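What follows is a set of notes on a single structure, which appears directly below.
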There are 2 protein chains.
Amino acid sequence: MSQSHTDVSDEARAGSGGQDVADVIATEACPLTEVLEHVAGKWSIGVLVAAAHGPVRFTELERSINGISRRMLTLTLRKLERDGLLHRTVHPTVPPKVEYALTDMARELHSTLTSLIDWAERHRGAIATARARYDRVN
Amino acid sequence: MSQSHTDVSDEARAGSGGQDVADVIATEACPLTEVLEHVAGKWSIGVLVAAAHGPVRFTELERSINGISRRMLTLTLRKLERDGLLHRTVHPTVPPKVEYALTDMARELHSTLTSLIDWAERHRGAIATARARYDRVN
DNA sequence: CTGCATCCAACGGGATACTG
DNA sequence: CAGTATCCCGTTGGATGCAG
């Protein structure tokens with residue numbers, strides 16, 4: 001099952017484990033995919049980044065994340081909270097006030113997310129072009 | 001962070017300056033989400049990483065990515081190719097031989113993907129724990 | 001203000017079978 | 001070897017309304 005270590009020329013290795021990334025994918029695809037899917041929701045990254053600079057209230061998130069519905073915000077928030085990425089604080093006041101903050105675990109992810117977004121920003125023009133060309137041919 | 005914005009057909013959104021990431025999310029959620037979703041498929045990251053060390057054949061990918069179906073491999077491959085992340089080379093031989101390789105754009109993404117996977121590896125235990133606890137309470 | 005409930009459409013994705 | 005073609009169902013996610 002494990003594919004031989006064909007020359008892995010440039011690439012960075014999985015830092016902590018010392019294993020080859022391809023092997024990790026190959027032998028642990030399920031758990032990895034499983035975890036990755038929690039960050040993979042349509043709005044998860046947006047929420048994670050929007051909450052990165054400190055405790056944020058529900059309505060703030062709703063306003064800052066363009067296009068999200070109340071329902072999806074709630075679902076995304078619950079999902080992230082369940083996975084231990086967000087901490088939810090309820091202030092028993094009237095009107096109610098709820099604040100969401102990243103956990104340490106989620107904060108560790110921040111730079112990676114930033115890289116991802118940065119990459120997307122830099123290449124979305126090229127991606128759109130590539131797609132247009134592909135569609136024109138096919 | 002200023003994008004080249006090589007104005008492509010379907011969009012008329014305005015560009016942004018180099019602001020805070022949260023602002024980018026806030027004001028450009030749509031295009032960003034749009035791009036991010038191409039990498040967000042259940043198998044996309046697996047394919048991208050599995051193809052990182054050089055040209056890979058269809059069957060190699062099928063074997064190395066645990067649990068993927070032929071159909072999903074094809075769909076994922078097409079999607080990534082369409083977005084300009086994969087290059088597909090067909091060798092007109094018998095039997096047919098098709099090789100997939102990352103484009104430069106995709107190669108730039110590699111270290112970020114590695115970070116993501118590494119993070120997932122490091123925290124999946126904690127995530128599982130958090131989830132179990134959450135479910136026990138609710 | 002912060003949600004939850006319900007309905008419903010669209011899409012993703014698995015299983016299986018067939019083909020150049 | 002490298003796909004395509006169907007069928008089919010579970011999930012995602014949008015819209016709207018109600019509630020603590």
Side-chain angles (χ1 to χ4, degrees), chain A residues 3 29-30 32-47 50-51 55-83 86-101 131 134 137-138, chain B residues 29-30 32-47 50-51 55-83 86-101 131 134-135 137-138:
Chain A
Q3 135 192 359
C30 295
L32 230 36
T33 308
E34 182 187 320
V35 173
L36 254 16
E37 277 178 356
H38 304 314
V39 180
K42 184 176 182 179
W43 306 103
S44 300
I45 295 182
V47 170
V56 189
R57 299 186 59 175
F58 188 90
T59 313
E60 290 185 74
L61 288 169
E62 193 176 11
R63 275 185 297 109
S64 66
I65 302 175
N66 203 335
I68 196 170
S69 65
R70 195 157 283 161
R71 178 183 129 96
M72 288 318 296
L73 216 208
T74 301
L75 289 180
T76 304
L77 253 17
R78 290 291 167 280
K79 185 176 163 188
L80 293 174
E81 186 194 355
R82 185 168 101 112
D83 289 344
L86 277 186
H87 182 62
R88 180 168 175 265
T89 310
V90 180
H91 300 275
T93 59
V94 176
K97 177 180 178 180
V98 182
E99 285 185 322
Y100 295 89
R131 222 193 301 181
Y134 184 95
V137 176
N138 303 279
Chain B
C30 295
L32 230 36
T33 307
E34 183 187 319
V35 173
L36 254 17
E37 277 178 356
H38 305 313
V39 180
K42 183 176 184 180
W43 305 104
S44 300
I45 295 182
V47 169
V56 189
R57 300 185 58 174
F58 188 90
T59 312
E60 289 185 74
L61 288 169
E62 193 176 11
R63 275 185 297 110
S64 67
I65 302 175
N66 204 335
I68 196 171
S69 66
R70 197 157 280 160
R71 179 183 127 96
M72 286 318 296
L73 216 209
T74 301
L75 289 180
T76 304
L77 253 16
R78 290 289 170 280
K79 185 175 162 187
L80 293 174
E81 186 195 355
R82 187 168 100 110
D83 289 343
L86 276 185
H87 182 62
R88 181 168 175 265
T89 310
V90 181
H91 298 86
T93 59
V94 176
K97 178 179 177 180
V98 180
E99 286 185 321
Y100 294 90
R131 222 193 299 182
Y134 185 95
D135 290 344
V137 176
N138 302 278

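Note that the structure is a prediction, hence the values are computed from the model and not measured. Numbered from 1 within each chain, the chains take letters A, B, ... in sequence-line order.
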Report the residues that fulfil side chain to side chain contact (heavy atoms under 4.5 Å, CB included) with [X], sequence neighbours left out, ordered by chain and then residue number.
| X | answer |
| --- | --- |
| Val90(A) | Arg88(A), Val98(A) |
| His91(B) | Thr89(B), Thr93(B), Lys97(B), Glu99(B) |
| Glu60(A) | Val56(A), Arg57(A), Arg63(A) |

Nearest to the side chain of [X], which nucleotide is it out of [options]?
| X | options | answer |
| --- | --- | --- |
| Arg78(B) | dC1(C), dG3(C), dG3(D) | dG3(D) |
| Pro95(B) | dC1(D), dA2(D), dG3(C) | dC1(D) |
| Thr74(B) | dG3(C), dC1(D), dG3(D) | dG3(D) |

Could you tabulate the donor-acceptor pairs under 3.5 Å formed by side-chain atoms of residues 72-80 of chain A, not counting sequence neighbours?
residue, atom, partner, partner atom, Å
Thr74(A), OG1, Arg70(A), O, 3.0
Thr76(A), OG1, Met72(A), O, 2.7
Lys79(A), NZ, Glu37(A), O, 3.4

[X] [atom1] - [N] [atom2] separation (whole Å):
| X | N | atom1 | atom2 | answer |
| --- | --- | --- | --- | --- |
| Glu81(B) | dA2(D) | CD | P | 14 Å |
| Leu73(A) | dT16(D) | CG | C1' | 17 Å |
| Glu62(A) | dG3(C) | CD | C1' | 10 Å |
| Leu77(A) | dG13(D) | CG | C1' | 16 Å |
| Glu99(B) | dC1(D) | CD | P | 14 Å |
| Arg57(B) | dG3(D) | CZ | C1' | 13 Å |

Give me the distances for all protein-to-nucleotides 17-20 of chain D N/O pairs that come in under 3.5 Å?
none

Please list, for nucleotides 9-13 of chain C, all pairs of protein and nucleotide N/O atoms separated by less than 3.5 Å.
residue, atom, partner, partner atom, Å
dG13(C), OP1, Lys42(B), N, 3.4
dG13(C), N7, Arg71(B), NH2, 2.3

Phosphate OP1/OP2 of dC1(C): any Arg63(A) side-chain N/O under 4.0 Å: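 No, Arg63(A) has no side-chain N/O under 4.0 Å of OP1/OP2 on dC1(C).
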Hey, does the side chain of Tyr100(B) come within less than 4.0 Å of dC1(D)'s phosphate (OP1/OP2), counting only N and O? no
Considering all heavy atoms, the nearest Ser64(B)-Ala50(B) contact: OG-CB, 4.0 Å
For Val39(B) versus Ser44(B), what's the shortest heavy-atom pair and its separation?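 Closest pair (atom of Val39(B), atom of Ser44(B), distance): O-CB, 3.4 Å.
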Distance, nearest 0.5 Å, that separates CZ of Arg131(A) from CG of Asp83(B): 5.0 Å
